Asks: 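One structure, pasted below without further comment.
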Amino acid sequence: KLIEKFKEGSIIKGAVCKGMSNFGAFFNVNNELDVLVHVKELSYSIVDHPDQLIEIGQKSDLKVISVDKEKLQVGCSIRQMGPDPFDKIDNLQLNKTYDFKIIKLTEFGAFAEPIELPGLSSLLHNSEILWTKKNVSVKKMFKVGQIIQCQITDIDKNKRRVAISHRLATENPFKIFEKKHKIGSVVNGKIVNKTEYSLFIEIENFDI
């Protein structure tokens with residue numbers, strides 16, 4: 001009888017995510033029935049695992065896309081709740097800087113979407129955050145909902161992927177240093193680390 005309540009194309013309001021796996025996320029509807037959102041139906045962008053976009057306990061509106069009365073299974077979609085942002089991908093230009101909103105933080109980087117195209121999630125890898133550090137903790141630098149500037153470095157329409165860089169949207173500190181200090185000039189610095197063969201020095205007023 002519960003399955004009779006669901007029809008293809010109908011909208012489910014405020015379903016709660018109760019679990020996830022590599023192939024999708026399970027949402028509970030009104031404490032009555034669990035429905036599945038396949039990983040491909042989470043977002044119009046490529047998603048490797050549901051935890052890149054959603055969290056346990058998160059509420060989402062879903063669109064019913066399949067109903068199997070024999071197996072008592074209901075398939076739903078989050079991405080079909082809105083238009084495909086890739087339809088307007090030509091509005092974005094390579095090597096141009098845009099405002100991006102942080103939507104999720106992970107150990108390997110942050111997922112962000114351009115303010116101009118909400119829903120187009122792009123990965124900002126740890127290596128593309130700062131000029132001087134490759135293994136940056138995004139959880140210490142950014143917060144979900146924060147707006148940052150990123151430069152678009154690649155758009156792959158076939159793979160539906162957009163690569164972005166935060167460091168390229170900022171001035172290169174090494175170039176700034178090169179402009180202000182010529183080879184042979186003397187600068188002040190503080191020793192911050194040492195190894196058997198070298199010293200690491202932090203130059204005053206420079207993040208290098």
Side-chain angles (χ1 to χ4, degrees), residues 1-89 99-126 129 135-148 150 156 159-164:
K1 294 182 179 180
L2 289 175
I3 205 76
E4 298 292 339
K5 296 181 179 181
F6 300 93
K7 295 182 180 180
E8 291 186 17
S10 61
I11 304 300
I12 299 173
K13 294 287 187 177
V16 181
C17 180
K18 61 173 295 184
M20 59 183 71
S21 67
N22 291 332
F23 58 83
F26 295 92
F27 285 80
N28 182 264
V29 182
N30 299 326
N31 294 318
E32 295 179 334
L33 184 69
D34 291 339
V35 299
L36 171 66
V37 177
H38 193 274
V39 66
K40 292 182 179 180
E41 290 297 330
L42 289 171
S43 171
Y44 281 107
S45 298
I46 297 297
V47 178
D48 296 321
H49 194 279
D51 65 4
Q52 294 176 352
L53 294 180
I54 59 177
E55 298 178 351
I56 300 296
Q58 178 179 324
K59 292 184 177 181
S60 297
D61 295 338
L62 312 176
K63 182 177 180 178
V64 178
I65 58 175
S66 66
V67 178
D68 190 324
K69 295 182 180 180
E70 293 184 359
K71 296 181 179 180
L72 300 179
Q73 295 178 345
V74 177
C76 296
S77 173
I78 291 178
R79 74 172 188 168
Q80 292 186 37
M81 290 295 297
D84 186 349
F86 260 85
D87 289 343
K88 297 183 179 180
I89 195 65
D99 287 333
F100 279 77
K101 180 181 179 180
I102 301 292
I103 58 176
K104 187 173 179 61
L105 302 174
T106 71
E107 295 299 324
F108 51 84
F111 284 88
E113 60 182 20
I115 299 301
E116 294 188 18
L117 283 181
L120 182 68
S121 61
S122 305
L123 173 63
L124 173 61
H125 193 269
N126 288 342
I129 294 176
N135 296 315
V136 181
S137 172
V138 294
K139 294 182 178 180
K140 293 182 179 180
M141 287 197 61
F142 304 129
K143 296 181 180 180
V144 173
Q146 182 177 347
I147 306 298
I148 64 173
C150 294
D156 191 323
K159 294 183 178 180
R160 299 174 63 85
R161 289 179 177 173
V162 177
I164 59 176

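Reckoned from all heavy atoms, side chains included, excluding hydrogens, waters and symmetry mates. Everything numeric in this text was worked out from a predicted model, so none of it was measured. This chain uses plain numbering: 1 for the first residue, then up along the sequence.
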Asks: Supply the atom-to-atom distance Ile78 CD1 to Leu53 CG, rounded to the nearest 0.5 angstrom.
Replies: 8.0 Å
Asks: Going from CG on Leu42 to SG on Cys76, what distance comes out if it is rounded to the nearest 0.5 angstrom?
Replies: 11.5 Å
Asks: Working to the nearest 0.5 Å, report the span between OG of Ser66 and CZ of Phe6.
Replies: 12.0 Å
Asks: Would you say Asn30's side chain and Glu32's backbone share a donor-acceptor pair under 3.5 angstrom?
Replies: no
Asks: Any donor and acceptor pair, going by atom type alone, linking the side chain of Glu113 with main-chain N or O of Gly119 inside 3.5 Å?
Replies: yes
Asks: Identify the two heavy atoms, one from Ile65 and one from Ser77, that lie closest to each other, and give their separation to 0.1 Å.
Replies: CG2-CB, 3.9 Å
Asks: Applying side-chain contact (heavy atoms from CB on, under 4.5 Å) between Leu33 and each of Val74, Ile12, Leu72, report the one that passes.
Replies: Val74
Asks: To check you understand the geometry: which heavy-atom pair defines the closest contact between Cys17 and Phe27, and what is its length?
Replies: N-CD2, 3.3 Å
Asks: Show the nearest heavy-atom pair for residues Arg161 and Phe86, with the distance to one decimal.
Replies: N-CZ, 3.7 Å
Asks: Could you measure the distance from the CD1 atom of Ile148 to the CD1 atom of Ile129? Nearest 0.5 Å is fine.
Replies: 7.5 Å
Asks: Between atom OG of Ser10 and atom NZ of Lys63, what is the distance when rounded to the nearest 0.5 Å?
Replies: 9.5 Å
Asks: Heavy atoms, side chains only, cut-off 4.5 Å: are Val67 and Lys7 in contact?
Replies: no
Asks: Any heavy-atom pair between the side chains of Leu117 and Lys88 that's under 4.5 Å?
Replies: yes
Asks: Take atom CD in Gln58; do more than 12 heavy atoms of anything else shown fall under 6.0 Å from it?
Replies: yes
Asks: Could you check whether any side-chain heavy atom of Val162 comes within less than 4.5 Å of a side-chain heavy atom of Ile89, counting everything from C-beta outward?
Replies: yes
Asks: I want to check something: taking the side chain as every heavy atom from C-beta on, are Phe111 and Val138 in contact at a cut-off of under 4.5 Å?
Replies: no
Asks: Within the 4.5 Å heavy-atom criterion, are Ile115 and Lys101 side-chain neighbours or not?
Replies: yes
Asks: Are Glu41 and Arg79 ion-paired here, with the side-chain N under 4.0 Å from a carboxylate O?
Replies: yes
Asks: First locate atom CD1 of Ile11, then atom CD of Gln80, and finally report the distance between them rounded to the nearest 0.5 Å.
Replies: 9.5 Å
Asks: In the structure I gave you, are the side-chain heavy atoms of Lys13 and Lys59 within less than 4.5 Å of one another anywhere?
Replies: no
Asks: Could you check if a side-chain atom of Phe100 sits within less than 4.5 angstrom of a side-chain atom of Leu124, using non-hydrogen atoms only?
Replies: no
Asks: Looking only at non-hydrogen atoms, find the nearest pair between Lys143 and Leu105 and report the distance.
Replies: CA-CD1, 4.3 Å
Asks: Identify the two heavy atoms, one from Ala15 and one from Leu62, that lie closest to each other, and give their separation to 0.1 Å.
Replies: CB-CD1, 3.6 Å
Asks: Are more than 12 heavy atoms from other residues, nucleotides or ligands located less than 6.0 Å from atom CG of Asp156?
Replies: yes
Asks: Take His49 and Asn22, measure what side chain to side chain contact (heavy atoms under 4.5 Å, CB included) needs, and give me the verdict at the end.
Replies: CA-CA 6 Å; His49 194 279; Asn22 291 332; 3.0 Å; yes
